[in-house]
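Fair warning: this is a prediction, and the values are worked out from it, not measured in the lab. Residues: numbered from 1 along the sequence shown. As a basis for the values below, the full set of heavy atoms in this structure was taken, side chains included, without hydrogen atoms, waters or symmetry mates.
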Amino acid sequence: MKKITVGAMLLSMMFMEVKAQSLKSPDGKFEMNFQLKQGVPYYNLKYNGAVVVEDSKLGLRLFKDSAIKFASEIAKADDAKFDLNNGFTKTDEKRDSKNETWQPVLGEKKNYINHYNELAVTLDQTSTSRSMVVKFRLFNDGLGFRYEFPQQKNLNYFVIREEDSEIDFPTDMKAWWMVADYDSQEYQYQETKISEIPGQWDKAFDANASQMLVKNAVQSPLMLKKEGKDPLYVNVAEAAVLNYPASHLEVDAQNFKFKTHLTADRQGAKGYIQTPSVTPWRTIIVSPKAEEVMDSKMIFNLNEPTKYTDTSYIHPTKYMGVWWEMIIGKSQWAYSTEENVHLDKTDFSKLTPNGKHAANNTKVKEYIDFAAENGFQGLLIEGWNIGWEDWFGHSKEFVFDFITPYPDFDIKMLNDYAHSKGIKLIMHHETSGSATNYERWSDKAFQLMNKYGYDAVKTGYVGDIIPRGEHHYSQWTINHFYRIAEKANQYKIMINSHESVRPTGESRTYPNYISAEAARGTEYEAFGGNKPDHQTVLPFTRWMGGSMDYTPGIFQTKLDYYFPGDKRFVKTTLAKQLALYVTMYMPLQMAADLPENYKKHMDAFQFIKDVAADWDDTKILSAEPGDYVITARKAKGTENWFIGGITDENKREYTVDFSFLGKGKKYEVTVYEDGKDADYIDNPQSYNIYKKQITSKSKLNFKMARSGGFAVSVKPVN
């Protein structure tokens, strides 16, 4: 037997640490390498042999005490010896692969392909007798990795101080980013180099949206582009954020590096964990084509399949709403001018009406009539329930009970009337940030919905989160959002949440959580405006992890129509508003404007009536973040296609090649395009509509005005 010296053993251990574990994507284009350097874990990523991500550290910092009782303990609890970011040896590795096709309940395509190779590396920290697993999955469109903590004696309960996952890029890329905030994603996107982010950061937010900013950090998803001869597009995000806080990205502008920054509670703790447990996936999607990044479904693939036994109640819905007129200030949510109200003390029937309450029987019936006449399925009504007189700007816990209507809202009569016209009312539950109160009332609220046949609810979380000390994106509140989704599933109810966390592919696991706001939507057009390029960035960022309730369809873009002298306006042409129904995926799809404005343009409104809300196929024909998006989608269960094209503040031309259509067939297209004199400032309502027969060999050219667009309906000719 060969004698092994101590020196030889040490040399062998050093060699093991230097040697990298490699993983390749199924198509061989990506290569990920994992390595320990002096006990510290690193990874890198290459695409076609070129370095996309340089050696980047992995690990977490923990509090020594697993039960942080007071904020003052944080300063005392910094014990680097307890961290999970160094002192490791590799003790095991496992490899796996999967190639499956699955069908989303609602989605942009009928089938999603989940094809990856996997490497799981077990790391032991000998000084503490603890272990963790770093799991990598490499797809044909990028990389996902996460930490896993097996159940073990020396790592049972622990509190995360910070996750230190790094992404170190070799070059200074163009970035589309918005400032990090523990409570808000309602910001304009900025377009700068990575190196320029700190210089622009202080100018990148406004008081309307700001709540708890994170200095020199940006939100994910983050879109990047390496410019030059061989451009490369990179999207940095996360997937499956469950029982864990949402993350942001600290910016090292000098070294073109980003590091995970988790949302804290107000004690400074980031996550309270009991093993066995896993973190969310960190995701890096890469392609030389922007269209392929936008088309990636990797974030959804990294989520678990649903455990729901019945999803038959989940369906796409096109709806209208008593909403926009309150947003612009024409009407109000509140029934009275009284402010000092108490739900358990105030007799709302004795309050003096303010005369501007929108959710009244007469107005709601008018909306029901128009929605029914034009083939919609749902009607959202905000301000139907008592409590709006004193709901914002304080930390009152009991603001709404979610079951008691105002005196001028006859819930039974209106529900019966809506059902007689084929319309389902959509419930509105504004929590005023009091998540604890909502959990107490959720059973009664959902039982009321079942009683009257509501099958969808829009939830809202405006204001500071209660329990006090939590944030919108901290661990407790993340868990709250999915507790509500699970509770809603018990009552066969779909959820559309506003002011919630951005989705990270969880619709695969919780398919009744069909949409969310979690970004700067159309309402901000009345609160200071969205830049013309805003809708060309969102599909590369916010939309990467799930549907958004953007609430498009504004035809009357100039608000001086209602209020003479008002300088507010929606920065878009009417044709662009139509195109958004295709470029933005929205299975809960709103026509947000007032019926009176649609009645003036019923020829253009026809596209909103016709366009589908769920799809069998999606093709990103052409796209560039911050500039333009051209998308074609095939309606679920039909041969009908719809195409939408939008541009930023610049005029553009684009020629649609219809070769994706079935060969040897004839189709009729109805085109809705900007008029020759259209302009989002000077003439936003100028549009042109025409019909034409085409085949798969046809091509059509479109000219888009500034912040303009075009929409096309394509139907087979019998």
Visitor: Does the side chain of Y182 reach to within under 4.5 Å of the side chain of S474, using non-hydrogen atoms?
Guide: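 Not in contact.
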Visitor: So, the side chain of N303 versus the backbone of G505: is there a donor-acceptor pair under 3.5 Å, distance only?
Guide: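 Present.
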Visitor: If you look only at pairs with a residue in residues 464-486, which of them pass as a salt bridge (Lys or Arg N to Asp or Glu O under 4.0 Å), with sequence neighbours excluded?
Guide: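 Pairs touching residues 464-486 that pass the test: E439-R483.
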Visitor: Yes or no on side chain to side chain contact (heavy atoms under 4.5 Å, CB included) for N243 and Y272, after CA distance, side-chain angles and deciding distance?
Guide: CA-CA 9 Å; N243 193 32; Y272 300 84; over 6 Å; no
Visitor: Quick one about S220 and R502 (side-chain donor to acceptor, distance below 3.5 Å, no hydrogens or angles considered), yes or no?
Guide: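 R502 vs S220: donor-acceptor pair found between side chains.
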Visitor: For the side chain of H357 and the backbone of G383, is there at least one donor-acceptor N/O pair under 3.5 Å apart?
Guide: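 Checking the backbone N and O of G383 against the side chain of H357, a donor-acceptor pair under 3.5 Å is found.
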Visitor: Got a sec: does the NZ of K215 have more than 12 other heavy atoms crowding it under 6.0 Å?
Guide: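 It does: K215 NZ has more than 12 such atoms within range.
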Visitor: If you round to the nearest 0.5 Å, how far is CD1 of I328 from CG of L594?
Guide: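 Rounded to the nearest 0.5 Å, the CG-CD1 separation comes out at 6.0 Å.
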Visitor: Report yes or no: does R520 contribute a side-chain atom to a donor-acceptor pair with the main-chain N or O of G529 at less than 3.5 Å?
Guide: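 Judged by distance alone, yes, a pair lies under 3.5 Å.
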Visitor: I'd like to know if the side chain of Y513 pairs up with that of S497 as donor and acceptor (distance under 3.5 Å, no hydrogens or angles considered).
Guide: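 Distance-only check passes for Y513 and S497.
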Visitor: Once side chain to side chain donor-acceptor pair (under 3.5 Å) is applied, do any residues pair with T306, and if so which ones, sequence neighbours excluded?
Guide: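 Checked T306 against side chain to side chain donor-acceptor pair (under 3.5 Å); zero matches.
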Visitor: For the CG atom of N437 and the CZ atom of F402, what is their distance to the nearest 0.5 Å?
Guide: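 It is 5.0 Å, given to the nearest 0.5 Å.
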Visitor: Tell me whether the count of non-hydrogen atoms from other residues, nucleotides or ligands lying under 6.0 Å of CD in Q490 goes above 12.
Guide: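 Yes - once you tally the heavy atoms of other residues, nucleotides and ligands closer than 6.0 Å, there are more than 12.
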Visitor: Measuring from Y454:OH to I493:CD1, what's the distance to the nearest 0.5 Å?
Guide: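 CD1 of I493 is found 11.0 Å from OH of Y454.
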Visitor: Please determine if K487 forms a cation-pi arrangement with F446, meaning its NZ or CZ atom is less than 6.0 Å from the six-membered ring centre and no more than 45° off the ring axis.
Guide: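 No.
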Visitor: Tell me the closest heavy-atom pair linking D549 and N496, and the distance in Å.
Guide: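 Closest heavy-atom pair between D549 and N496: OD2-ND2, 2.9 Å.
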Visitor: Please round to the nearest 0.5 Å and tell me the distance separating atom OG1 of T541 and atom CE of M548.
Guide: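 It is 9.5 Å, given to the nearest 0.5 Å.
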Visitor: Run V501 and T477 through side chain to side chain contact (heavy atoms under 4.5 Å, CB included) and show every step you take.
Guide: CA-CA 9 Å; V501 70; T477 316; over 6 Å; no
Visitor: Can you name the side chain to side chain contact (heavy atoms under 4.5 Å, CB included) partners of N385, sequence neighbours left out?
Guide: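 In terms of side chain to side chain contact (heavy atoms under 4.5 Å, CB included), with neighbours along the sequence ignored, N385 is linked to W388, F400.
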Visitor: Is it true that a side-chain atom of Y319 and a backbone atom of L588 form a donor plus acceptor pair closer than 3.5 Å?
Guide: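 Flag not set: sc Y319 to bb L588 has no pair under 3.5 Å.
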Visitor: So which of I403, L351, V399, L343 actually passes side-chain contact (heavy atoms from CB on, under 4.5 Å) with I386?
Guide: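 The single option meeting the side-chain contact (heavy atoms from CB on, under 4.5 Å) with I386 is L343.
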Visitor: Which class fits the ring pair W391 and W333: parallel under 30°, tilted 30 to 60°, perpendicular over 60°?
Guide: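 Ring orientation, 0 to 90° scale: tilted.
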Visitor: How about Y147 and S165: does a side-chain donor come under 3.5 Å of a side-chain acceptor?
Guide: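 Yes, a side-chain donor-acceptor pair sits under 3.5 Å.
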Visitor: Could you tell me whether a side-chain N or O of D560 sits under 3.5 Å from a main-chain N or O of F563, the two making a donor and an acceptor?
Guide: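 Side chain of D560 to backbone of F563, a donor-acceptor pair under 3.5 Å: no, none is there.
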Visitor: Side-chain donor-acceptor pair under 3.5 Å between D181 and S184, yes or no?
Guide: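 The answer is no; no qualifying pair exists.
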Visitor: Do you see a donor-acceptor pair shorter than 3.5 Å between the side chains of T431 and H429?
Guide: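 Distance-only check fails for T431 and H429.
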Visitor: Quick one, I484 and Y438 - any side-chain contact, counting heavy atoms below 4.5 Å?
Guide: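 Yes, at least one pair of side-chain atoms sits under 4.5 Å.
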Visitor: With distance as the sole criterion, is a donor-acceptor pair present between the side chains of H248 and T263 under 3.5 Å?
Guide: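 Note: H248 and T263 side chains meet the donor-acceptor criterion.
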Visitor: Indicate yes or no: at least one non-hydrogen side-chain atom of W384 is less than 4.5 angstrom from one of V322.
Guide: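 With C-beta onward as the side chain, the pair stays apart.
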Visitor: Could you work out, with side chain to side chain contact (heavy atoms under 4.5 Å, CB included) as the rule, every residue matching Q151, not counting sequence neighbours?
Guide: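 Counting only residues at least two positions away or on another chain, Q151 forms a side chain to side chain contact (heavy atoms under 4.5 Å, CB included) with T275, P276.
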Visitor: Quick one: do E517 and K458 make a salt bridge, cutoff under 4.0 Å?
Guide: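 Salt bridge absent between E517 and K458.
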Visitor: Does the gap between the ring centers of Y524 and F527 come in under 6.0 Å?
Guide: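 When the ring centroids of Y524 and F527 are compared, they turn out to be within the sub-6.0 Å range.
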Visitor: Going by atom types only, do Y244 and E163 share a side-chain donor-acceptor pair under 3.5 Å?
Guide: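 Side chains of Y244 and E163: pair found under 3.5 Å.
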Visitor: When you compare the side chains of Y491 and N512, does any donor N or O come within less than 3.5 Å of an acceptor on the partner?
Guide: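 Judged by distance alone, the side chains do not pair up.
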Visitor: Side chains of V364 and L379, heavy atoms from C-beta outward: is any pair under 4.5 Å?
Guide: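 Yes. Closest side-chain heavy atoms under 4.5 Å.
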Visitor: Testing the basics here: between G521 and N530, what is the closest heavy-atom pair and its distance to 0.1 Å?
Guide: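 Here G521 and N530 meet closest at O-ND2, 3.0 Å.
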Visitor: Any luck finding a side-chain donor-acceptor pair between T436 and E397 under 3.5 Å?
Guide: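 Side chains of T436 and E397: pair found under 3.5 Å.
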Visitor: Return the CG to CD distance between N156 and Q274, rounded to the nearest 0.5 Å.
Guide: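 One gets 5.5 Å once the value is rounded to the nearest 0.5 Å.
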Visitor: Strictly distance-based, threshold 3.5 Å: is any side-chain N or O of D183 a donor or acceptor partner for the main-chain N or O of H471?
Guide: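 Here the side-chain-to-backbone pair does not exist.
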Visitor: Does a donor on one side chain sit under 3.5 Å from an acceptor on the other, for N374 and Y598?
Guide: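 Note: N374 and Y598 side chains miss the donor-acceptor criterion.
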Visitor: Which residue pairs satisfy the salt bridge (Lys or Arg N to Asp or Glu O under 4.0 Å) criterion with at least one member in residues 421-431, sequence neighbours excluded?
Guide: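 Found D369-K421, K424-D455.
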Visitor: Keeping D614 on the side-chain end and P316 on the backbone end, is there a donor-acceptor pair under 3.5 Å?
Guide: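 Judged by distance alone, no pair lies under 3.5 Å.
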Visitor: Are N450 and Q447 close enough, and set up right, to give a side chain to side chain contact (heavy atoms under 4.5 Å, CB included), and what steps lead you there?
Guide: CA-CA 5 Å; N450 281 176; Q447 286 164 9; 5.6 Å; no
Visitor: Going by salt bridge (Lys or Arg N to Asp or Glu O under 4.0 Å), name the pairs with one or both residues in residues 307-321, residues two or more places apart or in two chains.
Guide: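 Non-adjacent pairs meeting salt bridge (Lys or Arg N to Asp or Glu O under 4.0 Å): D310-K492.
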Visitor: Should F409 and I381 count as side-chain neighbours, where that means a heavy-atom distance under 4.5 Å?
Guide: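 Touching, per the 4.5 Å side-chain cut-off.
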Visitor: Less than 6.0 angstrom separating the ring centers of Y510 and Y482, yes or no?
Guide: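 Yes.
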Visitor: Taking S349's backbone N and O only, do any of them form a donor-acceptor pair with Y406's side chain (distance below 3.5 Å, no angle check)?
Guide: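 Checked: no pair found.
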Visitor: When you compare the side chain of K571 with that of H534, does any pair of heavy atoms fall below 4.5 Å?
Guide: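 SC-SC contact between H534 and K571 ruled out.
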Visitor: Whether the side chain of T283 engages the backbone of A237 through a donor-acceptor N/O pair (distance < 3.5 Å, no angle test) should be reported.
Guide: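 Yes: the side chain of T283 pairs with the backbone of A237.
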Visitor: Taking the side chain as everything from C-beta on, heavy atoms only, tell me whether I478 gets closer than 4.5 Å to Q475.
Guide: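 SC-SC contact between I478 and Q475 ruled out.
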Visitor: Which pair of non-hydrogen atoms, one from L262 and one from S247, has the smallest distance, and what is that distance?
Guide: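 That closest heavy-atom pairing would be CD2-CB, 3.8 Å.
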Visitor: We want to know whether Q535 and Y550 form a side-chain donor-acceptor pair, criterion being a heavy-atom distance below 3.5 angstrom.
Guide: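 Note: Q535 and Y550 side chains meet the donor-acceptor criterion.
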Visitor: Indicate whether the side chain of Y313 and that of N489 have a donor and an acceptor atom separated by less than 3.5 Å.
Guide: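 On atom types as modelled, these side chains qualify, holding a pair under 3.5 Å.
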Visitor: What verdict does the side chain to side chain contact (heavy atoms under 4.5 Å, CB included) test give for Q211 and F205, after you've listed the backbone C-alpha separation in whole Å, the side-chain angles of each residue and the deciding distance to 0.1 Å?
Guide: CA-CA 10 Å; Q211 294 192 50; F205 56 88; over 6 Å; no
Visitor: Would you say E325 and Y562 are linked by a side-chain donor-acceptor pair, where the criterion is simply a distance under 3.5 Å?
Guide: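 There is no such pair between these side chains.
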Visitor: Please check if the side chain of K531 supplies one atom and the backbone of Y189 the other of a donor-acceptor pair under 3.5 Å.
Guide: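 Side chain of K531 to backbone of Y189: a pair is present.
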Visitor: Say you draw a straight line from CG of D206 to CD of E186; how long is it, rounded to the nearest 0.5 Å?
Guide: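 Answer rounded to 0.5 Å: 9.5 Å.
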Visitor: Under a 4.5 Å cut-off applied to non-hydrogen side-chain atoms, are W281 and T504 in contact?
Guide: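 No, side chains not in contact.
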